[in-house]
Undergrad: 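Have a look at the structure that comes next, please.
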Amino acid sequence: VRLVSVLTAAPLPVDSPLEQDCGDCLACVAACPPGAIKGAAFRPDQPLSERLDAVACTTYKDKVRDRWGKRCCGLCLASCPMGS
């Protein structure tokens, strides 16, 4: 799951979510330094908080900013075989 938004006025065609799922893959869980990704499978009716500890993610990115000057991480995305 990519937790980002893109704002644009471009006329993009609408498509549907991927039919594939993560299966047994937990690469993003293993790659997450603060342990913010809980590894729960996605369900549309499930609150995001059951899959992601947003406070832990934000706190970690704040520490990265304090140390390196940029508030970023992206290790979960980089580790995902579906997103590459």
Undergrad: Report all side-chain donor-acceptor pairs from residues 26-39 shorter than 3.5 Å, counting only partners two or more places apart or in another chain.
TA:
from: Lys38; atom 1: NZ; to: Ser49; atom 2: O; distance (Å): 2.7

Undergrad: Between Cys76 and Ser79, what is the shortest heavy-atom contact and its length?
TA: O-OG, 2.9 Å
Undergrad: With a 4.5 Å heavy-atom cut-off, do Lys70 and Arg65 have their side chains touching?
TA: no
Undergrad: Closest heavy-atom contact between Gln46 and Ala40?
TA: NE2-CB, 4.1 Å
Undergrad: Is any side-chain heavy atom of Arg71 closer than 4.5 Å to a side-chain heavy atom of Thr58?
TA: yes
Undergrad: List the residues meeting salt bridge (Lys or Arg N to Asp or Glu O under 4.0 Å) with Asp45, not counting sequence neighbours, and say none if there are none.
TA: Arg43
Undergrad: So if you build clusters from Ile, Leu, Val, Met, Phe, Trp, Tyr with side-chain heavy-atom gaps below 4.5 Å, do Leu75 and Trp68 land together?
TA: no
